[in-house]
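As the structure is a computational prediction, the values presented were derived from the model and not from experiment. Chain A is the first sequence line, chain B the second, and so forth, proteins listed ahead of strands; every chain is numbered from 1.
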Protein chains: 2
Amino acid sequence: MGEIEEVLKKHHIRPTAIRLLMYKYLRDRNVAATLNDIESGFDKSDRTTLYRTIKTFEKKGLVHQINDGTGIAKYALDDKTTGTTALQDLHLHFHCIKCNETVCLTDHKIPHISLPKGYLSKDMNLLVKGVCDKCNLK
Amino acid sequence: MGEIEEVLKKHHIRPTAIRLLMYKYLRDRNVAATLNDIESGFDKSDRTTLYRTIKTFEKKGLVHQINDGTGIAKYALDDKTTGTTALQDLHLHFHCIKCNETVCLTDHKIPHISLPKGYLSKDMNLLVKGVCDKCNLK
DNA sequence: GAAAAACATGCAACTTAAGTGCAAATCTAT
DNA sequence: ATAGATTTGCACTTAAGTTGCATGTTTTTC
Ligand SMILES: [Mn+2]
Ligand SMILES: [Mn+2]
Ligand SMILES: [Zn+2]
Ligand SMILES: [Zn+2]
């Protein structure tokens, strides 16, 4: 029961009711969620609170934002199997142009990229657009 | 004089005054432009017209949209040094977190990426965030 | 070359995601 | 218990993107 509570506390997030619910929501979902998705997942709560909650999660390193080219921000829980959040940790994101869903391919890392002289890399995002396995079967 | 006209015609775009100006604007710029950038570059013209012009350019394969994570669409001319617009052609984009500018690194291609079984790739976007050469010197 | 059709432009209005201000509610620490 | 800090909910704002429609311009047809 207190398992999620522990996770939040470890990230210095006070475990309020909504935060516990949102964490569960994100954990039980296997695709990235927009704020609208999250809002639809809760009957009761207010959009602003959900917005600030996801931003708190993001700031505290619990979720990461994904930009899949649709212009609408999506969010997914960080992969906590790797203890360290190094730059090597950067995985690729896949956006399906049929079902519009976006997933983290956490074990597909971004290969090393060489940059022109003078350029310094701090972060990377590799987005692949195409058709996902589910949509491919149909 | 008719050089730009020829380029537009080749892409089945009628060479109106605004279109010629926007093409020139984009060509003489070495960083990707937002619609606001373009708007600021012209004293006279209307935002909607500029919007539809850039969308026409995009549809006809003259420019490509770049999503650099700022949430604001940017545009840059396609690289016409390579005659073919194949999937191999995909280059990487660099967004400087200091000056907020985004550039096409057209000769830095995206390396081959393997996907899980069933996934089909149609397009890719590799975005690197960091500090550009100009900002690095300061 | 005039008329019709097709396309481009400008203005206003709409849509929607994102973000802010502020007061009420809740939680934490003294 | 009280004071201080944080969280929540509601109203409102912002800004990019987009569409409808009337007018202007170019191209095609006859
Ligand atoms: Mn991810
Ligand atoms: Mn580019
Ligand atoms: Zn799909
Ligand atoms: Zn810079």
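Under the 4.5 Å side-chain criterion, counting only non-hydrogen atoms from C-beta, A:Cys104 is in contact with A:His93. The closest side-chain heavy-atom distance from B:Leu35 to B:Ile72 is not below 4.5 Å.
Listed here is the closest heavy atom pair of B:Ile54 and B:Leu26: CD1-CD1, 3.9 Å. Heavy-atom minimum distance, A:Asn30 versus A:Val103: O-CG1, 3.6 Å. Closest non-hydrogen pair, A:Leu77 versus A:Val63, comes out as CD2-CG1, 3.7 Å.
Contacts of A:Arg52 with the nucleic acid, taken as non-hydrogen atoms under 4.0 Å apart, include base atoms. When heavy atoms are screened at a 4.0 angstrom cut-off, B:Ser45 is found touching the sugar-phosphate backbone but no base atom. At the heavy-atom level, B:Lys44 lies nowhere under 4.0 Å from the strands shown. Across all strands shown, B:Thr16 has heavy atoms under 4.0 Å from sugar-phosphate atoms exclusively, and none from any base.
Distance B:Lys59 NZ to C:dC7 P: 12 Å, rounded to the nearest Å. Put simply, OH on B:Tyr51 is 15 Å from P on C:dT15, counting in whole angstrom units. Between the P atom of C:dC11 and the CG atom of B:Leu50 lies a distance of 12 Å, rounded to the nearest Å. In this structure, B:Arg47 atom CZ and C:dA12 atom P are separated by 15 Å, rounded to whole Å. As a whole-Å value, the separation of A:Asp37 CG from C:dA18 C1' is 16 Å. Atom pair A:Asp46:CG and C:dT26:C1' shows a separation of 16 Å (rounding to whole Å applied).
The local environment of NZ in A:Lys55 is crowded, with over 12 non-hydrogen atoms from other residues, nucleotides or ligands closer than 6.0 Å.
Listed pair B:Thr48 / C:dG10 fails the phosphate criterion, with no side-chain N or O lying under 4.0 Å from OP1 or OP2. Between C:dA8 and B:Arg19, a contact under 4.0 Å exists linking OP1 or OP2 to a side-chain N or O.
The residue among A:Arg14 and B:Gln65 whose nearest nucleotide of DNA chain D is located toward the 5' end is A:Arg14. Between B:Asn36 and B:Pro15, the residue whose closest nucleotide on DNA chain D is further toward the 5' end is B:Asn36.
Note: A:Tyr25 and A:Phe42 meet the aromatic proximity criterion, with ring centroids under 6.0 Å apart.
Between chain A and DNA chain D, the heavy-atom contact criterion of under 4.0 Å yields a 5' to 3' nucleotide range of D:dT6 to D:dA11.
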